[in-house]
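Below is one structure; the comments refer to it alone.
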Amino acid sequence: MTANYPLEGGCGCGHLRYRMNTAPLVVHCCHCRWCQRETGTAFVINAMIESDRVTNLNGEPQLFQTPSESGRGQRIARCPKCLVAVWSHYAGSGHLTKFVRVGTLDDPGRLPPDVHIYTGSKQPWVEIPGSMPAYPVFYEREDIWRRESLERLAALEPAIAAYKASLAETG
Ligand SMILES: [Zn+2]
Ligand SMILES: [Zn+2]
């Protein structure tokens with residue numbers, strides 16, 4: 001990880017501003033069709049991080065339920081004024097993690113991807129450097145994540161389990 005923290009970012013109109021306080025758990029470059037459609041481009045770069053490590057500096061994002069590759073949907077947090085998406089909450093860990101859209105950082109080059117996923121549907125002109133981990137669909141966490149990230153996720157697991165249990169109750 002080449003960045004110093006915190007990093008700041010925001011939407012297109014300036015209403016929404018956030019601060020990423022620490023390194024993310026992992027940075028995905030996702031080439032799935034859903035990400036291509038949602039962004040209108042070739043891939044999306046998402047930095048997965050515990051939600052409480054991202055602070056809202058200005059504005060309150062609005063959540064939109066949106067389909068995703070998994071079939072379980074995601075909630076995309078958008079600026080209520082310009083509707084630019086700043087992060088998503090995916091079904092697996094819900095509101096507990098944010099997948100911050102790296103392109104909304106003031107300096108997006110600070111968070112290069114750790115891994116490329118869903119390269120089975122990558123656009124044919126996109127060339128991934130041979131040294132970069134890339135998977136046709138997804139990967140095993142232990143193969144990619146830093147030890148510190150694995151420990152941070154383990155610390156979050158009880159909250160994730162409680163979240164999933166609450167989903168099961170409400171159906
Ligand atoms: Zn905005
Ligand atoms: Zn995707």
Side-chain angles (χ1 to χ4, degrees), residues 6-21 23-51 54-129 132-145 149 153 156 160 164:
L7 299 176
E8 292 190 6
C11 66
C13 76
H15 172 68
L16 216 60
R17 294 290 303 166
Y18 68 84
R19 180 196 295 134
M20 185 184 289
N21 295 302
L25 296 164
V26 68
V27 180
H28 288 163
C29 183
C30 185
H31 299 262
C32 83
R33 291 281 181 240
W34 294 90
C35 288
Q36 290 174 359
R37 228 182 341 257
E38 281 158 21
T39 59
T41 180
F43 50 76
V44 72
I45 309 173
N46 282 328
M48 180 188 183
I49 187 168
E50 301 93 322
S51 287
V54 179
T55 309
N56 285 352
L57 299 177
N58 194 65
E60 197 63 44
Q62 208 175 327
L63 293 174
F64 293 85
Q65 184 69 32
T66 309
S68 69
E69 169 70 28
S70 73
R72 292 180 298 169
Q74 58 173 314
R75 282 176 304 146
I76 299 184
R78 295 180 179 277
C79 170
K81 294 180 188 288
C82 71
L83 297 183
V84 164
V86 287
W87 56 72
S88 296
H89 301 287
Y90 283 95
S93 46
H95 62 282
L96 296 164
T97 60
K98 290 170 176 162
F99 286 72
V100 176
R101 302 216 172 175
V102 169
T104 65
L105 290 170
D106 295 339
D107 189 0
R110 302 274 290 276
L111 287 187
D114 296 309
V115 58
H116 290 254
I117 57 174
Y118 289 97
T119 58
S121 52
K122 82 174 176 64
Q123 294 189 17
W125 54 267
V126 172
E127 289 183 23
I128 298 169
M132 176 66 72
Y135 294 82
V137 180
F138 211 74
Y139 60 88
E140 296 293 330
R141 213 170 266 143
E142 291 72 21
D143 295 339
I144 298 295
W145 286 31
S149 293
L153 186 71
L156 197 61
I160 291 174
K164 284 182 174 162

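In what follows, residues are counted from 1 in the order of the sequence shown. Whatever order the structure lists ligands and atoms in, that order sets their numbers, starting from 1.
Under 2.8 Å from the Zn ion (ligand 2) lies no N/O/S atom of H31, from backbone or side chain alike. Look at H15 and the Zn ion (ligand 1): no N/O/S atom of the residue is under 2.8 Å from the metal. For the Zn ion (ligand 2), the N/O/S atoms of C32 include one lying under 2.8 Å.
Under the side-chain hydrogen bond (donor to acceptor under 3.5 Å, both in side chains) rule, H31 has a single partner from Q123, H116, K122, Q36, which is H116.
Around the Zn ion (ligand 2), the angle linking C30 (SG) with C35 (SG) is 120°, rounded to 10 degrees. Vertex the Zn ion (ligand 1); arms to C82 SG and C11 SG; angle rounded to 10 degrees, 110°.
Ring geometry for H28 versus F138: interplanar angle over 60°, hence perpendicular rather than tilted (30 to 60°). A tilted orientation is assigned to the rings of Y139 and Y135, their planes being inclined by 30° to 60°.
Other residues, nucleotides and ligands contribute only 12 or fewer heavy atoms inside 6.0 Å of the CD atom of E127.
T97 places no side-chain N or O within 3.5 Å of a backbone atom of M48 that could act as its donor or acceptor partner.
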